[in-house]
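See below for the structure under consideration.
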Amino acid sequence: DVAARAADLWKVYGSGEAQVIALRGVSVDLERGRFTAIMGPSGSGKSTLMHCLAGLDTVTRGQVFIGETQVTGLGDAGLTRLRRDKVGFIFQQFNLLPTLTAQENILLPLSIAGRKADPDWYKTVIETVNLSDRLGHRPSQLSGGQQQRVACARALVARPEVIFADEPTGNLDSRSGAEVLAFLRNSVREHGQTIVMVTHDPNAASYADRVIFLGDGQVVDEMTEPTAEAVL
Ligand code: ADP
Ligand code: ADP
């Protein structure tokens, strides 16, 4: 059961002398209910792959699927719907709206989509992400770790097909980072969420079920049940 698929994906930026080939025929199947990390040196194509999978960037050649939806070939309206209904995002910089409370931030994607949170699920997410006593706070009143937990809850509450996390622990100290990673792993193990995470950090990657290594726009290696030592 595949939640996201890239099939012979090519991405070329620019043209002529400025041309950069960011992806050179990447094929990956991301199984539903698994936590996959993407690693590789700076410039190896990690962000590009994630952006193409999530429908944030166009593809030069090849195909992308999210669930049954063929992302390549969708028009602007279809892409907007895909981003709204099928995928969730967690960013290095948290990207919370500063004027909204934690609760309002968490519920924003659902209210934009015109959907209501399932009350039991909402309660579960708030409890497992350990935020019950912070729901009325604005982002500026929260620590980095708390802000990222709000962002995790925001991504998870809509139960998207796939959550894409771009260096989610890049701005956190190791203790806050470990809390966020444990929450992500728990949402995979306990609730069957599918998560794809780009990271530079071998310790962060060790929370994943599988690591895909990119080098110069290609998949160069992969590993299941990674440990931090093995990834390094
Ligand atoms: P990573 O996330 O692994 O650091 P990226 O996917 O950001 O790698 O970049 C892969 C390559 O594509 C790099 O050479 C980068 O400079 C280039 N690149 C990425 N985005 C653009 C863009 N918008 N325009 C031109 N080149 C880009
Ligand atoms: P990171 O590796 O932390 O993801 P990058 O520097 O690769 O950061 O990319 C940050 C943003 O800048 C991305 O949206 C990417 O598409 C864009 N970008 C990266 N390289 C280039 C480039 N050479 N030209 C234009 N945009 C780029």
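Quick caveat, the model's predicted, so the values are computed rather than measured. In what follows, residues are counted from 1 in the order of the sequence shown. Whatever order the structure lists them in is the order used to number ligands and atoms, beginning at 1.
Counting heavy atoms from C-beta on, the side chains of D57 and Y13 come closer than 4.5 Å.
Not a single heavy atom of G40 sits closer than 4.0 Å to an atom of ligand 1. The closest approach between a heavy atom of G45 and any atom of ligand 1 is below 4.0 Å.
For V20, every heavy-atom contact with ligand 1 shorter than 4.0 Å involves the side chain, none the backbone.
Closest approach of F35 and L181 over heavy atoms only: CE2-O, 4.5 Å.
Considering K46, H200, Q19 only, the shortest heavy-atom separation from atom 3 (O) of ligand 1 involves K46.
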- Task: Kindly indicate, with the supporting measurements, whether the criterion side-chain hydrogen bond (donor to acceptor under 3.5 Å, both in side chains) is fulfilled by Y122 and E127.
- Result: CA-CA 9 Å; Y122 178 75; E127 277 168 9; over 6 Å; no
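Identified under the side-chain hydrogen bond (donor to acceptor under 3.5 Å, both in side chains) test for residues 212-228, with sequence neighbours left out: R210-E222. Residues in residues 171-196 take part in these side-chain hydrogen bond (donor to acceptor under 3.5 Å, both in side chains) pairs, two or more places apart or across chains: Q93-N171, R149-E179, D173-S176, R175-E179, R189-D209.
Short contacts between ligand 1 and P41, defined as distances under 4.0 Å to a heavy atom of the residue, involve ligand atoms 3 (O). Counting atoms of ligand 1 from 1 in the listed order, those under 4.0 Å from a heavy atom of A22 are 10 (C), 11 (C), 12 (O). Shown in contact with S42 at under 4.0 Å from a heavy atom are these atoms of ligand 1, numbered in order with element: 4 (O).
Here E161 contributes atom CD and K86 contributes atom NZ; the two are 5.5 Å apart, rounded to the nearest 0.5 Å.
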